[in-house]
Chemist: 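Below is a structure I'd like to ask you about.
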Amino acid sequence: MKIPPVLSKSGLPLLLSVLAMAVIPMPAGLATANSGVRSNLEVFPGVRGCTDAMLAGHKEIAGVLEEPAPAVPGLKEAAALPEAHAQQKFGIREADPPPGAVMRNKTEPPFQIDQTTIWAALALFFGLALTIFVLLVNILKRQKAEKALLESQTVFQAFLEHSPVYIFFKDHEIRSLMLSRNYEKMLGMPLENILGKTMDEVFPSDLAKSMIEDDKRILGEGKCITVVEELGGKTYETTKFSVFIEGKPTMLAGFTLDISERRQAEEEKARLAEQLRQSHKLEAIGTLAGGIAHDFNNILSVIIGCAEIAKYNVPSDSLTAQDLDKILQAGQRAKDLVQQILTFSRQSKAELHTVKLQPLIREALKMLRASIPKSIEIREDIAEDCGPVMADPTQLYQVLVNLGSNAFHAMEEKGGILHVGLRLAATIPRQLQESGDICQEEFLELSISDTGQGISPEIIDRIFDPFFTTKEKGKGTGMGLAITYGVIKEYGGAITVESQPGRGTVFHIYLRQCREEAAAADAPVDELPRGSERILLVDDEELLAGLGGKMLERLGYQVTVKTKSFEALAAFQNQPADFDLVIADQTMPGMTGLDLARRMLQLRRDIPIILCTGYSALVDEQIAKSQGIREFAMKPLNNSAMARLIRQALDNG
Ligand SMILES: Nc1ncnc2c1ncn2[C@@H]1O[C@H](COP(=O)(O)OP(=O)(O)OP(=O)(O)O)[C@@H](O)[C@H]1O
Ligand SMILES: [Mg+2]
């Protein structure tokens with residue numbers, strides 16, 4: 001059988017398929033079938049015109065074709081009966097046979113699936129796939145959220161671990177839910193012991209009470225507040241607020257800062273500002289004191305001078321003599337006060353003399369007794385064998401008054417015992433031992449103790465600071481102990497303090513005793529050093545000049561009194577050799593005492609001059625002596641001081 005070129009072109013597989021489809025429907029034997037096939041094949045496009053010779057080489061087709069086709073009742077001979085096996089074998093599609101062709105040997109599928117079922121299955125499949133997809137997406141999302149949550153929890157945990165700020169969360173019952181790790185340091189216990197605890201289980205009761213009140217208010221009102229709290233000597237600032245979850249205040253959170261250093265710095269700043277203000281005030285007082293000191297001292301000189309002269313004219317055991325003594329004492333106190341103001345405002349230097357402490361202490365105690373209530377008992381234990389010390393008696397008196405009045409204030413409410421003791425020091429404080437070359441026996445110990453409120457350990461290091469006071473504004477300047485400390489230091493001594501809150505305080509002052517005997521107190525006039533030399537006395541205050549003149553005459557001197565510096569200079573110019581000593585006041589109109597002295601010294605190099613001054617910013621002992629002035633004296637001078645100074649100036653020429 002020959003295959004037409006058209007078939008060879010369209011390919012063998014197609015041809016065989018077509019053939020099979022064409023042959024299978026043949027119901028008769030091979031010969032008839034072949035001719036039948038051909039005629040039937042006519043209906044397949046592309047197979048039309050195939051001859052037997054053309055199909056002869058295709059055994060398989062022939063084999064198929066040789067199978068006898070079962071008779072199909074009612075089917076026309078010409079009708080095609082495709083065979084299912086062949087169709088399958090040759091890959092002929094069901095749609096290929098001619099319309100009306102019945103498939104022979106068609107095997108039925110094990111079960112029938114109609115289209116609706118397929119669609120349903122498909123829908124189910126896609127539905128399932130979609131569900132799985134959605135689930136997968138959800139799982140991934142959840143995993144991502146969980147990861148993010150885990151990350152944020154880790155971050156938060158790390159934040160709580162390392163936060164320098166104290167962080168806390170509390171529940172509705174005001175129990176600690178979460179806390180930063182640094183609470184362990186603040187409270188001195190492990191975090192596990194704090195978590196879940198109420199405030200009063202962890203904090204001191206007063207603090208816990210105020211915390212709970214604040215926390216309840218915050219949770220109730222949803223407010224944010226900031227409070228400052230004290231704990232263990234530190235100051236903390238806490239800001240706390242409600243945490244709202246779904247619109248409800250669910251818990252309380254907050255953070256706490258340790259502001260102790262900031263507080264301290266602020267307080268220090270305020271303290272420095274106050275110190276500056278006070279030192280300006282002191283400066284102003286100093287200037288003022290300097291300004292009035294001269295006039296004031298002149299007035300005092302008149303009072304003291306007149307009282308002294310009056311005393312010579314009355315019997316020493318008379319009532320008038322006693323009254324005059326009181327005037328002299330008060331005058332002396334007023335003089336000390338001016339001196340004190342000048343010293344404190346650094347306008348004058350202390351003059352150190354040998355001072356016997358015993359009478360000084362007794363005098364100070366007498367004064368204190370008069371000014372403090374009887375509920376405070378004063379006891380003294382003063383060793384008489386203690387030698388004098390080098391000091392300024394006015395300053396030492398002030399020291400005793402400062403310590404005594406502090407003791408009084410400490411016992412003001414409840415009363416108590418003020419004890420003052422003086423003895424040879426049994427031990428000396430370390431600061432003195434460190435200053436080298438110290439012989440313990442040389443030191444005296446002056447103790448002032450009280451049974452008052454005591455000083456708390458927190459402030460005891462600061463009590464000697466200038467302007468440190470715990471007293472109400474206007475009640476204390478905080479200068480008492482600062483001045484005391486400064487004075488004792490200046491004498492090469494030391495001061496220490498011991499105190500027990502609620503029980504009392506004791507201050508110990510250590511001063512080196514000197515071998516020289518203490519200066520004699522004011523001696524009676526007939527025991528004063530006397531002389532007969534010629535003295536030129538110059539003072540612009542007529543009263544003072546007159547008083548001084550009288551006084552010097554009583555001591556045996558020949559006195560020329562001048563109240564104007566020019567007149568005094570003229571008198572001296574005329575007869576410089578007529579005078580053995582000049583006593584001049586510094587502050588005089590026209591020519592000051594210093595100028596007058598300079599001019600006189602130009603006229604006579606060896607003339608002894610005593611320059612007296614109430615107060616002058618222009619001159620001090622050093623300046624005066626550098627100009628050749630023999631002696632320098634601060635007014636007002638009492639008789640004995642003046643008598644001694646005159647002899648000193650005349651005899652040390
Ligand atoms: N004997 C004491 N008992 C208790 N506290 C004392 C005693 N002495 C001093 N203090 C404390 O030391 C602080 C400083 O004392 P200081 O004498 O320097 O100043 P002040 O007494 O406050 O003021 P001022 O002395 O100027 O009137 C006092 O405010 C007080 O708190
Ligand atoms: Mg004081």
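Because the structure is predicted, anything quoted here is derived from the model rather than measured. First listed ligand is number 1; within each ligand, the first listed atom is number 1. Computed from heavy atoms alone, side chains included, the values below leave out hydrogens, waters and symmetry copies.
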Chemist: Check whether any N or O atom of Ala482, backbone or side chain, sits under 3.5 Å from an N or O atom of ligand 1, and answer yes or no.
Modeler: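 Between Ala482 and ligand 1, no N or O pair is found under 3.5 Å apart.
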Chemist: So how many protein N, O or S atoms does the Mg ion (ligand 2) have within less than 2.8 Å?
Modeler: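 N, O or S atoms of the protein closer than 2.8 Å: 1.
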Chemist: Indicate, with yes or no, if the rings of Tyr166 and Tyr183 have centres closer together than 6.0 Å.
Modeler: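 Under 6.0 Å, so yes.
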Chemist: Is the closest N or O pair between Asn406 and ligand 1 shorter than 3.5 Å?
Modeler: yes
Chemist: Could you identify the single nearest non-hydrogen protein atom to atom 19 (O) of ligand 1 and state the distance to 0.1 Å?
Modeler: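 Sorting protein heavy atoms by distance from atom 19 (O) of ligand 1 puts Gly478 CA, 3.2 Å first.
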Chemist: With a heavy-atom distance limit of 4.0 Å, tell me whether Thr469 approaches ligand 1 through its side chain, its backbone, both, or neither.
Modeler: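 Both parts.
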Chemist: Going by heavy-atom distance to atom 25 (O) of ligand 1, choose the closest among Gly480, Gly454, Gly504.
Modeler: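 The nearest heavy atom belongs to Gly480.
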Chemist: With a 4.5 Å limit on heavy-atom distance, are the side chains of Leu446 and Phe507 in contact?
Modeler: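 Heavy-atom side-chain distance check fails, nothing below 4.5 Å.
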Chemist: When you measure from atom 24 (P) of ligand 1 to every protein heavy atom, which one gives the shortest distance, and what is it?
Modeler: Thr477 N, 3.6 Å
Chemist: Distance-only check: which donor-acceptor pairs under 3.5 Å involve side-chain atoms of residues 207-215, not counting sequence neighbours?
Modeler:
{"from": "Ser210", "atom 1": "OG", "to": "Leu207", "atom 2": "O", "distance (Å)": "3.0"}
{"from": "Asp215", "atom 1": "OD1", "to": "Lys240", "atom 2": "NZ", "distance (Å)": "2.7"}
{"from": "Asp215", "atom 1": "OD2", "to": "Lys170", "atom 2": "NZ", "distance (Å)": "2.7"}

Chemist: List the closest protein heavy-atom neighbour of atom 3 (N) of ligand 1: residue, atom name, distance to the nearest 0.1 Å.
Modeler: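 Checking every protein heavy atom, the shortest distance to atom 3 (N) of ligand 1 gives Ala410 CB, 3.3 Å.
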Chemist: Would you kindly specify which portion of Phe464 sits under 4.0 Å from ligand 1, judged on non-hydrogen atoms: side chain, backbone, both or neither?
Modeler: neither
Chemist: Tell me whether Arg423 is salt-bridged to Glu380, with the criterion being a basic N under 4.0 Å from an acidic carboxylate O.
Modeler: no
